[in-house]
Amino acid sequence: GASVESPHYQRVHYCELLVRDFLMRVRSKRFPPIEKDLQAMVAHCGSLFLDPDALMEVLHELVVLEMVHSNPEFSPGATLQALTKVPADWR
């Protein structure tokens with residue numbers, strides 16, 4: 001099988017590996033903010049052949065998750081969808 005260290009594996013699965021890395025960093029306070037790393041990617045998205053709109057959406061969702069997880073009153077049962085969903089109007 002291909003190891004994660006293989007450049008051929010990484011090239012194909014690079015986006016997935018980045019998202020996994022960022023999701024692990026969301027809960028950790030040991031690393032610098034995710035926004036700083038993703039802003040560098042946004043600045044170079046043209047040369048990296050990345051879609052700027054999709055990258056900005058991912059940046060926003062990861063930054064929101066990072067802020068939510070850094071809140072001391074955060075409930076692990078809360079999800080991004082529940083936090084950003086418009087409340088139902090029962091009138």
Checklist line | Minimum heavy-atom distance between Asp37 and Arg25, given as atom pair plus value | finding: OD2-NH1, 2.7 Å
Next item on the list: For residues Phe22 and Ile34, report the shortest heavy-atom separation together with the two atoms involved.
Entry: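 Closest heavy-atom pair between Phe22 and Ile34: O-CD1, 3.4 Å.
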Check: What's the spacing between Glu16 CD and Asp21 CG if we round to 0.5 Å?
Finding: 12.5 Å
If two hydrophobic side chains count as joined below 4.5 Å and joins carry through other members, does [X] share a cluster with [Y]?
X: Leu23; Y: Val63; result: yes
X: Leu38; Y: Met67; result: yes
X: Val26; Y: Met56; result: yes

